[in-house]
Participant: 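Quick one: structure below, then a few questions.
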Amino acid sequence: MEIVQHKFFHQKTLDLAKSLIGKLLVKETDEGTCAGWIVETEAYIGPGDRAAHSFGNRRTARTEVMFGPPGYVYTYVMHTHCLVNVVSGREGDPEAVLIRAVEPCEGVDLMFERRGKGKKRKELTSGPGKLTKAMGIVKEDYGRSLSEPPLYIAEGREPGEVVSGPRIGIGNSGEARDYPWRFFEKNNEFVSR
DNA sequence: TTGACGATGACCT
DNA sequence: GGTCATCGTCAAA
């Protein structure tokens, strides 16, 4: 598995969100290694994005990592689930890319064990909360570098056609709700919704 | 301290 | 399509 060059993270957040499609998200644990091709992402650009946790440069213990340099992990706990983001933007710019869905590549048996044997393959990683559970990504991964094990981004495959659209689940966020900042691989069955 | 509130998913009808 | 589980984070008291 070839880890991406660190400079890969040094591009505009919207470009990074699109570039991540087709890359591999890899997590190594004591139980084994899981990897999946990224098929769906969303960009969150703090300063002017009402839907982002870092809207208006709001800086708290939780959003702190987004103010640092790109290429680090921002995990967020939602109800009983955990969501994973890639920190983007220059140091001082609180931007991030949410990974919403991946297609299983390696460690599929382990994913079934974590998600439940009875599940369909398609149900394994077709959502932001599902993929973290399938791959064993936890809130303790907050702040890790994505350029080294146990959690990293690796070169993957050439994606099919990548299209964009409005983001999901951000309800009452003013104009930001309609920004086409969600990117996904067209006709891929692992894309959520 | 406390209370309100989700970038969701699973299960119900 | 609707409900609810259930918990960290944040801001106010």
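Every chain is numbered from 1 and lettered A, B, ... according to where its sequence line falls, protein lines coming before strand lines.
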Participant: Without swapping roles, check the side chain of A:R50 against the backbone of A:E175 for a donor-acceptor pair under 3.5 Å.
Facilitator: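 Not at all, since once roles are kept as given, no pair shorter than 3.5 Å links the two residues.
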Participant: I'd like to know if A:M135 and A:I99 are part of one continuous hydrophobic network [Ile/Leu/Val/Met/Phe/Trp/Tyr, side-chain heavy atoms within less than 4.5 Å].
Facilitator: yes
Participant: Let's see if you can work this out: which of B:dT8, B:dA10, B:dG6 has an atom nearest to the side-chain heavy atoms of A:K119?
Facilitator: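 Of the candidates, B:dA10 comes closest.
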Participant: When we call it a touch if two heavy atoms are under 4.0 Å apart, what does A:R58 touch: a base, just sugar-phosphate, or nothing?
Facilitator: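 Answer is sugar-phosphate: A:R58 comes under 4.0 Å of backbone atoms only.
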Participant: From the list B:dA7, B:dG9, C:dC10, which nucleotide is the closest neighbour of the side chain of A:A61?
Facilitator: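 Nucleotide nearest to A:A61's side chain: C:dC10.
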Participant: Is there aromatic stacking of A:H79 on B:dT8 here, judged by a ring-centre distance under 5.5 Å and a plane angle under 30°?
Facilitator: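 According to the criterion (under 5.5 Å, under 30°), yes, A:H79 stacks.
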Participant: Quickly work out the A:M78 CE to C:dA5 C1' distance and round it to whole Å.
Facilitator: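 Distance check: A:M78 CE to C:dA5 C1' gives 12 Å.
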Participant: Is the backbone of A:L83 close enough, under 3.5 Å, to the side chain of A:T132 for a donor and an acceptor to pair up by distance?
Facilitator: no
Participant: Does CD belonging to A:E140 count more than 12 external heavy atoms closer than 6.0 Å?
Facilitator: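 Yes, because the 6.0 Å sphere around CD of A:E140 holds more than 12 heavy atoms from other groups.
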Participant: Any side-chain N or O of A:R182 less than 4.0 Å from the OP1 or OP2 oxygen of B:dA7?
Facilitator: no
Participant: Just how far, in rounded Å, is P of B:dA7 from CG of A:D49?
Facilitator: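 Distance, rounded to whole Å: 11 Å.
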Participant: Looking at every strand, decide which applies to A:R100 at a 4.0 Å heavy-atom threshold: base, sugar-phosphate, or nothing.
Facilitator: sugar-phosphate
Participant: Watson-Crick or G-U wobble partner for C:dT6, using a 3.5 Å limit on both distances?
Facilitator: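 For C:dT6, the partner nucleotide comes out as none, under the 3.5 Å rule.
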Participant: Of the options B:dA7, B:dG9, C:dA5, whose atoms approach the side-chain atoms of A:I170 most closely?
Facilitator: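 The listed nucleotide nearest to A:I170's side chain is B:dA7.
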Participant: Starting at CD of A:E95 and ending at P of B:dA7, how long is that distance when rounded to a whole Å?
Facilitator: 19 Å
Participant: What is the distance from CH2 of A:W181 to C1' of B:dA7, rounded to the nearest Å?
Facilitator: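 Rounded to whole Å, this separation is 14 Å.
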Participant: Take atom NZ of A:K130 and atom P of B:dA7, then tell me their distance rounded to the nearest Å.
Facilitator: 18 Å
Participant: Given C:dG8, C:dT6, B:dA7, identify the nucleotide with an atom nearest to the side chain of A:V77.
Facilitator: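 For A:V77, the side-chain atoms sit closest to C:dG8.
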Participant: Round to the nearest Å and state the distance from A:Y76 atom OH to B:dG9 atom P.
Facilitator: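 The distance from OH of A:Y76 to P of B:dG9 comes to 13 Å, rounded to the nearest Å.
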Participant: Mind checking if A:R115 touches a base, just sugar-phosphate, or nothing, with heavy atoms under 4.0 Å?
Facilitator: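 Sugar-phosphate, backbone atoms only, no base.
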Participant: At 4.0 Å (heavy atoms only), tell me whether A:F55 reaches a base, stays on the sugar-phosphate, or touches nothing.
Facilitator: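 A:F55: no heavy atom of the nucleic acid under 4.0 Å.
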Participant: Within this structure, what is the NE2-to-C1' distance between A:H81 and C:dT6, rounded to whole angstrom?
Facilitator: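 Going from NE2 in A:H81 over to C1' in C:dT6 covers 10 Å.
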Participant: Stacking between A:H53 and B:dA7, defined as ring centres under 5.5 angstrom apart with planes under 30°, is that present or not?
Facilitator: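 The base of B:dA7 is stacked with A:H53 (centres under 5.5 Å, planes under 30°).
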Participant: Just the rounded figure in Å: distance from P of C:dC10 to CZ of A:R62.
Facilitator: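 Spelled out: CZ on A:R62 to P on C:dC10 is 5 Å.
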Participant: Parallel, tilted or perpendicular: which fits the ring planes of A:H6 and A:H10, with parallel below 30° and perpendicular above 60°?
Facilitator: perpendicular
